[in-house]
Amino acid sequence: MEIIRTGKVYDVCVIGSGAAGGAAAKVLSEGGLNVVMLEAGPMVHPYTDYKEHVWPYELAHRGAGIGGAGYEDFGRTEFMAPNGSWTIEGEPYTKAAGSNFLWFRSRIVGGRTNHWGRIALRFAEVDFKARSHDGRGDDWPITYQDLEPYYDKVDRYIGVFGSKEGIPSAPDGIFLPPPKPRCSDLLVKRACDKLGILCVPARKAILTQPLNGRPPCHYCDQCGRGCRTASNFSSSQVLIPPALATGRFTLITGAMAREIVLNDQGKAEGVSYIDKATRTDQQVRARAVVVAGSSCESARLLLNSKSRLFPQGLANSSGVVGRYLMDSVGSNGSGYIPALEKMPPHNHDGVGGMHLYIPWWKYDRKNDFLRGYHIEFGGGRHMPGVGMFNGVNHQYEGYGVSLKQRCKQNYGAFIHLSGRGEMISNPDTYCEIDPSAVDEWGIPVLRFHFKWGDNEIKMAHDMQQTFRAIVESVGGTYLTHSEATGDFPYGIKVGGEIIHESGVVRMGNDPKTSALNSFCQAHDVKNLFVTDAACFVTDPDKNPTISILALSWRASEYLLDEAKKGNI
């Protein structure tokens, strides 16, 4: 096959345009380097692609997608910010016998940051030294103090609302004012106060005041559809534009990265990719490469980049690439709250998602499981979405007018709670290259092995007990039935379903047990960096995006400094 090579040699090639790639592009290009970015999807155009303020009747399938696909795959609803899904035509992945794993991917500039939940929780000091605390897993080669200045830079630049609380499990940031609680929030807060559970304003990457030329949120509660005003954070609207403005940044879309190419000295010299429009094999050349395609995609690229020097995959002399796969522990619950039925209908849309949240509150006591979880919650009346009334015939008797009246009476009288906890990595959970399956571009795909451990099951059980206690404390009826047996004990979610996968190209001080050093730089290849959640050593209960941004920002400043010294 003929390979078309670019004549220009860039300083850095960044693979992926999400949180990690966007941060790298901004820092490196503003620092004076010539950067090229490869993105597998197309450009996003917010005013045409985002479905903010669109009514169901304006869409061909009322928002459910072709054949009602959105009922099973929320990434396929017509309201969803574009190009995110569990399934991508022509790009399969496989699961080993006995394993169940879901892999959400987004093929568009900005990646998942176009439709993430914007929950921005810093890792705590103990999260970086968990093994020293309880003897399980491994410690990070960095501390909270190492990353704190970069958390601060991210907060100041993208904007995060919240409140300073001094909670050891949930470090404070540099916060914009939080939005006011909704009625349902106040009920949960009242229950938590009664039960001795912390409940505080949420921390989200949504502006409540103007910042860096972006207007504040106008409280339409539609963040999952994207934000045309860029009031919530996305890489496509907040990080890529300043990189483009430097004149030193080149964005190549529709570029499916296939392999990182080495020179005779064992350094990365470029990236081979498939131009999806022409189906040609092309190659871009660069003096350094930053891999930021999302955790498992990054591992896949390294594992497929085999050579004489690295027969088991690039930068994988340790054998850890693809190993230590983690996702957040998730379990959900819901409750019927009669008090909410009496609330007069009013507009309480607010920001997309929660206004309050429950940080890990039992950090100072002994539990049946290690580590911890936080709780995200919401309730009350919101604009009906796809599937909101699916299954009412199983809940209420009747049909026609009587059924509609019953639905209207109960509409908004529910709260929903979701636990997000820390998984401890285990040897049975990893990804590898499938020996026989390829995608439509001829690139070998990933095969997943996944297994929850006893610790995660116990954590899900505790989540369910807590959900029930909160609902019943405000005079509600807990509606979720979760059993201790079956494939999903205590309602624990399928691996990957929380979309927080991490840890497959971990950092560490020892090249024999890790792939990257503390600056996300490959031990084996000094001009290769992996700056997304693949570098994580543990997967704390916090949503990962704000930490991905901070780690990539830190790694990019290090790369920039090393490049200026001539060391890369």
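Just so it is clear, the structure is predicted and the values come from calculations on it, not from any experiment.
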For the backbone of V160 and the side chain of D155, can you confirm whether one donor and one acceptor N or O come within less than 3.5 Å of each other?
no

Side-chain donor or acceptor of R554 paired with backbone N/O of C520 under 3.5 Å
no

Flag, side chain of N527 to backbone of R287, donor-acceptor distance under 3.5 Å
yes

Only one of R323, R506, K129 forms a salt bridge (charged side-chain N to carboxylate O under 4.0 Å, His left out) with D138, so which one is it?
R506

With distance as the sole test, does R105 use its side chain to make a donor-acceptor pair with the main-chain N or O of E91 at under 3.5 Å?
yes

Return yes if some donor-acceptor pair links the side-chain N/O of S235 with the main-chain N/O of G110 below 3.5 Å, else return no.
no

Are R122 and D127 ion-paired here, with the side-chain N under 4.0 Å from a carboxylate O?
no

Do S514 and H523 have side-chain atoms, one donor and one acceptor, less than 3.5 Å apart?
yes

If you measure from the Lys or Arg side-chain nitrogens to the Asp or Glu carboxylate oxygens, is any gap between K153 and E557 under 4.0 Å?
yes

Given side-chain hydrogen bond (donor to acceptor under 3.5 Å, both in side chains), test T253 with E39 step by step and report yes or no.
CA-CA 5 Å; T253 58; E39 165 55 48; over 6 Å; no

List the steps and the verdict of side-chain hydrogen bond (donor to acceptor under 3.5 Å, both in side chains) for T429 and H449.
CA-CA 5 Å; T429 298; H449 302 250; over 6 Å; no

Could you check whether K164 pairs with D172 (Lys NZ or Arg NE/NH1/NH2 to Asp/Glu carboxylate O, under 4.0 Å)?
no

Under 3.5 Å donor-acceptor, S85 side chain and I88 backbone
no

Pair T466-Y373, side-chain donor/acceptor within less than 3.5 Å:
yes

Salt-bridge present (K565, D561; N to O < 4.0 Å):
yes

Quick one: does any side-chain atom of N263 pair with a main-chain N or O of K267 as donor and acceptor, under 3.5 Å?
yes

If the test is side-chain contact (heavy atoms from CB on, under 4.5 Å), which one of P540, S295, P544 qualifies with H500?
P544

Do we see a donor-acceptor contact under 3.5 Å between the side chains of T113 and S234?
no

Thinking salt bridges, do D462 and K362 make one under a 4.0 Å N-O criterion?
yes

Would you call the rings of F101 and F450 parallel, tilted or perpendicular, where under 30° means parallel and over 60° means perpendicular?
tilted

Pairing of K564 and D11 as salt bridge, 4.0 angstrom limit:
no

Using a distance-only test with no angle check, is there a side-chain donor-acceptor pair under 3.5 angstrom linking D139 and S132?
yes

Should the pair F123 and W140 be assigned to parallel (<30°), tilted (30 to 60°) or perpendicular (>60°) ring geometry?
perpendicular

Verify whether one side chain among T545 and N543 offers a donor that lies under 3.5 Å from an acceptor in the other.
no

Are F448 and Y93 an aromatic pair by the rule of ring centers under 6.0 Å?
yes

Side-chain (Q464) to main-chain (N332) donor-acceptor, under 3.5 angstrom:
yes

For H374 and Y357, take the angle between the two ring planes, folded into 0 to 90°, and tell me which bin it lands in: parallel under 30, tilted 30 to 60, perpendicular over 60.
perpendicular

Test your reading of the model: is there a side-chain donor-acceptor pair from R131 to the backbone of G137, 3.5 Å cut-off?
yes

Quick one: do N114 and S236 satisfy side-chain hydrogen bond (donor to acceptor under 3.5 Å, both in side chains)? Show the steps, please.
CA-CA 7 Å; N114 289 294; S236 52; 2.8 Å; yes

Where does the angle between the aromatic ring planes of F233 and W116 fall among parallel (under 30°), tilted (30 to 60°) and perpendicular (over 60°)?
perpendicular

Applying side-chain hydrogen bond (donor to acceptor under 3.5 Å, both in side chains), run through R107 and N83 and close with a yes or a no.
CA-CA 5 Å; R107 296 283 187 256; N83 289 31; over 6 Å; no

Flag the pair R258 and D281 as a salt bridge only when some basic side-chain nitrogen lies within less than 4.0 angstrom of an acidic carboxylate oxygen.
yes

For Q283 and Y273, test the side chains for any donor-to-acceptor distance below 3.5 angstrom and give the result as yes or no.
no

